[in-house]
Amino acid sequence: MKVVQTLAELFYEIPLYESVALPEDLRLKLIVLGGDDATFEGYCPECETVRPFKIKQHCDFSRDPLTRVTWQDIVSRVTQQTCILAAHCTFDESHSIRMVLDCGTLELMKIGQYPSLADIGNSEIKRFRGVLSRLDMSELHKAIGLGAHGVGVGSFTYLRRIFERIIQSRFDEFHQSEGWDPEAFRVAWMDEKIAMIRSHIPEVLYENRKIYAVLSKGIHELSEEECLAAFPWLKKSIIFILDDDLRKRDELRQRDEIRKALGDFL
Ligand SMILES: [Zn+2]
């Protein structure tokens with residue numbers, strides 16, 4: 001069973017209806033089951049950027065005066081404690097992410113979330129419309145939708161295709177000026193490809209290149225669980241590269257503007 005290490009992981013990575021474990025020493029356990037306040041950093045779909053979030057409330061349905069009537073039937077049917085966990089954006093408190101959790105002693109299951117993981121994920125990738133092809137954008141949407149429903153192999157396959165195309169496009173763009181060998185690149189494992197094009201991708205990918213070797217395995221060699229476990233870091237890697245592209249594009253645009261302004265002046 002997957003062990004949840006952080007609140008951000010619980011809000012942004014765990015799909016519905018997947019039983020997950022809480023480590024015994026985790027503050028998360030106190031926050032969800034007890035009465036502690038906490039903050040974490042995460043993507044706010046309304047601000048469309050990363051913000052600090054604060055947990056503002058958590059309660060058993062049966063103790064919540066606003067919901068006690070509506071939820072009585074449900075409460076009577078659940079044997080474990082059911083909790084609502086709401087995180088509020090510290091930029092604007094009306095921005096929130098709410099979850100309903102079925103909590104055991106050291107394990108829990110997310111049984112509801114709003115906005116959904118897919119809504120949050122799709123909002124997070126909107127900014128890449130200018131740097132991703134229509135195909136990549138469409139497959140990224142599909143990957144996020146499947147990942148939000150716990151479909152491991154499907155979501156992993158789409159992310160892998162996008163990642164491979166990004167790495168291939170870097171190779172195609174620079175192989176002549178860098179003198180890279182196309183045949184050596186074609187037969188290399190993904191971690192070796194990343195090492196080859198190191199100077200044209202974010203350094204963090206090179207530093208962690210061993211993890212990408214899994215992308216060279218056949219899909220039939222991977223289990224549903226392995227694919228689900230790879231989903232967060234593969235998605236983060238893609239987002240990291242695309243943010244780097246956006247930064248470079250912005251820098252180029254600013255340089256052009258300065259050059260043009262200087263040209264007008266001289
Ligand atoms: Zn916000």
Side-chain angles (χ1 to χ4, degrees), residues 1-24 26-46 53-89 93-124 141-156 223-225 227-232 235:
M1 190 184 292
K2 184 180 171 67
V3 179
V4 180
Q5 302 290 353
T6 64
L7 267 173
E9 198 182 341
L10 183 63
F11 272 88
Y12 295 104
E13 291 176 17
I14 304 299
L16 293 180
Y17 315 124
E18 183 185 332
S19 286
V20 291
L22 300 175
E24 282 188 45
L26 187 63
R27 239 178 122 236
L28 181 59
K29 178 171 168 273
L30 298 174
I31 298 155
V32 176
L33 304 174
D36 205 354
D37 282 346
T39 57
F40 64 92
E41 286 227 320
Y43 182 81
C44 174
E46 298 208 59
F53 274 83
K54 191 167 169 46
I55 302 286
K56 296 284 281 192
Q57 65 185 62
H58 37 78
C59 52
D60 187 318
F61 280 136
S62 60
R63 291 202 301 266
D64 185 350
L66 294 174
T67 55
R68 69 176 173 234
V69 176
T70 317
W71 291 101
Q72 271 312 306
D73 287 345
I74 298 165
V75 169
S76 66
R77 282 180 214 156
V78 296
T79 52
Q80 293 178 300
Q81 189 184 11
T82 306
C83 312
I84 300 175
L85 201 58
H88 291 259
C89 169
E93 283 206 0
S94 70
H95 303 168
S96 67
I97 304 173
R98 293 161 196 274
M99 289 191 312
V100 185
L101 299 167
D102 196 16
C103 304
T105 314
L106 281 177
E107 60 178 80
L108 56 85
M109 183 192 281
K110 201 189 274 185
I111 55 174
Q113 174 164 0
Y114 186 81
S116 70
L117 278 183
D119 287 342
I120 296 171
N122 285 326
S123 166
E124 197 179 2
H141 277 294
K142 286 178 190 164
I144 286 167
L146 289 169
H149 289 92
V151 184
V153 177
S155 56
F156 176 82
S223 68
E224 183 74 9
E225 289 70 33
C227 290
L228 266 184
F231 181 84
K235 180 177 150 225

For this session: Could you grab the distance from atom OG of Ser123 to atom CD of Glu46, nearest 0.5 Å is fine?
Result: 9.0 Å
Seminar exercise, completed: When rounded to the nearest 0.5 Å, the distance separating CD of Glu93 from NZ of Lys54 is 9.0 Å
Exercise. With Lys110, which residues qualify under side-chain contact (heavy atoms from CB on, under 4.5 Å), at least two apart?
Worked result: Ile14, Leu16, Met99, Leu101, Gln113, Leu117
Exercise. With a 4.5 Å heavy-atom cut-off, do Leu108 and Val4 have their side chains touching?
Worked result: no
Seminar exercise, completed: CG of Asp102 to CD1 of Ile111, rounded to nearest 0.5 Å, is 5.0 Å
Seminar exercise, completed: Heavy-atom nearest pair, Glu41 first then Ala8, reads O-CB, 3.9 Å
For this session: Please report the closest heavy-atom contact between Ser155 and Gly147, naming both atoms and the distance.
Result: CB-N, 3.5 Å
Problem set entry | Rounded distance (nearest 0.5 Å) linking atom CD1 of Ile97 with atom SG of Cys89 | 9.0 Å
Problem set entry | Phe11 side chain near Leu85 side chain, heavy-atom distance below 4.5 Å | yes
For this session: Any pair with a residue in residues 11-23 that passes side-chain hydrogen bond (donor to acceptor under 3.5 Å, both in side chains), sequence neighbours left out, goes on the list, sorted by first then second residue, please.
Result: Glu13-Lys236
Exercise. Strictly under 6.0 Å, is that where the ring centroids of Phe53 and Phe40 end up?
Worked result: yes
Exercise. Where do Ala118 and Ala148 come nearest, in terms of heavy atoms and distance?
Worked result: N-CB, 3.7 Å
For this session: Of all the heavy-atom pairs spanning Phe231 and Ala143, show the shortest one and how long it is.
Result: CE1-O, 3.5 Å
Exercise. Closest heavy-atom contact between His95 and Cys44?
Worked result: ND1-SG, 3.6 Å
For this session: Identify the heavy atoms of Ile55 and Ala87 that sit nearest to each other, and give their distance.
Result: CD1-CB, 4.1 Å
